[in-house]
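Convention: sequence-line order gives letters A, B, ...; per-chain numbering from 1.
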2 protein chains.
Amino acid sequence: MTPVTSTDPDGVDTVERRLPLSRELIISAAVAFVDSHGLSALTMRGLGKELGVEAMSLYRYVNGREDLLEGIVESMVSELHLNPDTVEPLNGWQAYLQWLAHGVRRIEQEHPAVFPLIATRHPAAPWLRPPLRSLRVVEDFLSELISRGFTDESAIAAYRAFSSFLLGHLLLEAAARTAESDIVDSLGHAEIASAGAESSITAFPQVCRLGTRLSEDHSDSEFEASLENMLDRLDRTLAH
Amino acid sequence: MTPVTSTDPDGVDTVERRLPLSRELIISAAVAFVDSHGLSALTMRGLGKELGVEAMSLYRYVNGREDLLEGIVESMVSELHLNPDTVEPLNGWQAYLQWLAHGVRRIEQEHPAVFPLIATRHPAAPWLRPPLRSLRVVEDFLSELISRGFTDESAIAAYRAFSSFLLGHLLLEAAARTAESDIVDSLGHAEIASAGAESSITAFPQVCRLGTRLSEDHSDSEFEASLENMLDRLDRTLAH
DNA sequence: ACCTGAACACCGTTCAAGT
DNA sequence: ACCTGAACACCGTTCAAGT
């Protein structure tokens, strides 16, 4: 029997070995693992080691790797409803969509390395559009809008526009955020350099001139402005 | 020596073995492979077999799997400028952005299974935003807009908004398109069914009621309308 | 009941060796 | 010059066996 809390036999401090292995524990360990090591490093064997257990043990709680990834996605979206400090507002569909958008964005910001999983895993159903991968969320979305004066058609159109908006903005934001602490970053500079400093400045004058400004981060204000614009558009659709 | 065109030794008809192995040939074979078998099935060994060659031979022309994927992305975006029937228009930035948006969308529609690669591979540089992963394209974008009256800042803002828009819309469109011919499709129905027919109809009335309409495909008109809206927004930003 | 050892079929990748 | 065989270190996954 291994003790509940200890250092590795090798002397390396890893995650404490909380004994009662369970689906929830495995999934949250996987999220932490991806947060710090990236998605491509997530491996059944590696995750097992992180939990102080052999990879094969995981299969008792998780139906293979695909099921694990599905579990990660589900645990992420379910954070939307569990968050205590962000309670679903009751004053109108615009406030609701603002709340939902910021809730999803918060998840992306807390787990940028996990977000591509939410964004690109095949949806279970064609109408479950990433990043809103939950029946519960879609149901709330539709009923909120319909109860506030949207027709069926306009609620569906809003759902489509909203999910496209979130996906585009948050996926790019997540990519920018994970790139900072990545090896690929230096590769980017290498590419520019290898393109030839003198050839690139003649072939790509605008990119070179605006280089630093292109890299600036205005994601907060851009997100807010784009979201506002989208809500205005939905509002116009309603009035019309 | 294997003949240039033949059936497999096993009698199975595969891709003809064009002998002069090259980077271009390997990449285009990889694209065809992903188109028909999906991204997850693309394997160095599998691709080698498709080309009638051992996997190790590919390493002479391609710098490992990552480089192969990079090559696929590059070959896709370069189609933008090669397409004969879609010539870059000269009558204003709106026409240019329309042209560019439809060009990228065409690539997505022709290779929906490849598009996630374009969308989610780590950009080489932080300002190279998917799906516009080409220095050439970004340079054209900026110079076109700036020469038409955009300030540096507004051109950059337009670039950000444009790429977010494209990414969100096209990634969801590609997902819907590949889901049709996928195993996961039936899994979706299974999930609904396993949720319990009677429990889901009470817990998710709107989703159930709108189910068929939620699955309808209006991607053409939605794309056009959203694009139009975005161009209008950029126009307002300019006037202001 | 819960974990593991050993095994299987697959990966990407390297490199000396073949032709 | 171009391709391959054999090998290495890694995967996911299964299952009989241990405790």
Side-chain angles (χ1 to χ4, degrees), chain A residues 1-6 8-10 14-27 29-30 33-34 37-73 117 121-122 183-184 187, chain B residues 1-6 8-10 14-27 29-30 33-34 37-73 117 121-122 183-184 187:
Chain A
M1 277 295 144
T2 43
V4 173
T5 306
S6 77
D8 240 8
D10 313 11
T14 62
V15 172
E16 328 169 350
R17 308 192 196 154
R18 299 163 258 189
L19 269 195
L21 217 50
S22 69
R23 186 168 224 265
E24 291 78 35
L25 178 65
I26 290 172
I27 287 174
F33 191 92
V34 173
H37 302 106
L39 204 58
S40 58
L42 178 63
T43 241
M44 297 299 278
R45 293 171 131 108
L47 183 58
K49 188 172 289 177
E50 191 81 13
L51 286 163
V53 104
E54 299 297 317
M56 312 82 188
S57 311
L58 305 177
Y59 286 81
R60 218 153 256 282
Y61 306 94
V62 142
N63 225 341
R65 187 173 195 265
E66 290 299 291
D67 184 46
L68 173 62
L69 297 181
E70 214 63 54
I72 293 177
V73 170
L117 206 60
R121 276 189 67 75
H122 264 138
I183 323 107
V184 193
L187 216 150
Chain B
M1 279 291 147
T2 43
V4 174
T5 306
S6 78
D8 241 7
D10 313 12
T14 62
V15 170
E16 329 170 350
R17 309 191 194 153
R18 299 163 257 190
L19 270 194
L21 217 50
S22 70
R23 186 167 223 266
E24 292 76 35
L25 177 66
I26 289 172
I27 287 175
F33 192 91
V34 173
H37 302 108
L39 204 57
S40 58
L42 178 64
T43 242
M44 297 300 278
R45 293 172 130 107
L47 183 58
K49 187 173 290 178
E50 191 80 14
L51 287 163
V53 105
E54 298 298 314
M56 312 83 187
S57 311
L58 305 178
Y59 286 81
R60 214 153 261 279
Y61 306 93
V62 143
N63 226 339
R65 188 173 196 266
E66 289 299 292
D67 184 46
L68 173 62
L69 298 181
E70 215 63 55
I72 292 176
V73 170
L117 207 61
R121 275 188 69 75
H122 265 134
I183 323 102
V184 193
L187 216 150

(request) Once you apply the 3.5 Å cut-off to both distances, tell me the Watson-Crick or G-U wobble partner of C/dT4, or none. (result) D/dA16
(message) With a 3.5 Å limit on both atom pairs, tell me what C/dC11 is paired to, counting Watson-Crick and G-U wobble, or say none.
(response) none
(request) Could you state the atom-to-atom distance from CE of A/Met44 to P of D/dC10 in whole Å? (result) 18 Å
(request) Measure from the side-chain heavy atoms of B/Met56 and tell me the nearest of C/dG12, D/dC15, D/dG5. (result) D/dG5
(request) Give a yes/no on whether any side-chain N or O of A/Tyr59 is located under 4.0 angstrom from OP1 or OP2 of C/dT4. (result) no
(message) From CG of A/Leu58 over to C1' of D/dC15, roughly how many Å is that when rounded to an integer?
(response) 16 Å
(message) Rounded to the nearest 0.5 Å, what separates atom OH in A/Tyr61 from atom CG in A/Leu68?
(response) 14.5 Å
(message) Distance check needed: D/dC11 P versus A/Leu39 CG, whole Å only.
(response) 14 Å
(request) Check whether any side-chain nitrogen or oxygen of B/Arg60 sits under 4.0 Å from OP1 or OP2 of D/dC2, and answer yes or no. (result) no
(request) Grab the CG-P distance between A/Leu69 and D/dT13 for me, whole Å please. (result) 10 Å
(message) Which nucleotide wins on minimum distance to the side chain of A/Arg45, given the candidates C/dG12, C/dC2, D/dC11?
(response) D/dC11
(message) Distance check, rounded to the nearest 0.5 Å: A/Lys49 atom NZ versus A/Arg45 atom CZ?
(response) 10.0 Å
(message) If the cut-off is 4.0 Å, is B/Thr43 near the phosphate of C/dC10, judged by side-chain N/O to OP1 or OP2?
(response) no
(message) Nearest whole Å is fine: how far is C/dG12 P from B/Lys49 NZ?
(response) 12 Å
(request) Starting at atom CD of A/Glu54, determine the distance to atom P of C/dC2, rounded to an integer number of angstrom. (result) 18 Å
(message) How long is the straight-line distance from CG of A/Asp67 back to CD1 of A/Ile26, given to the nearest 0.5 Å?
(response) 10.0 Å
(message) Whole angstroms only, please: what is the CZ-P distance between A/Arg23 and C/dC2?
(response) 16 Å
(request) To the nearest 0.5 angstrom, please state how far the CG atom of A/Leu47 sits from the CG atom of A/Leu42. (result) 6.0 Å
(request) Answer yes or no: does a side-chain N or O of A/Ser57 lie under 4.0 Å from OP1 or OP2 of C/dC2? (result) no
(request) Report the distance from atom OG of A/Ser40 to atom CD of B/Glu66, rounding to the nearest 0.5 Å. (result) 8.0 Å
(request) Please state how far atom CG in B/Leu47 lies from atom P in C/dT13, giving the value in whole angstrom units. (result) 13 Å
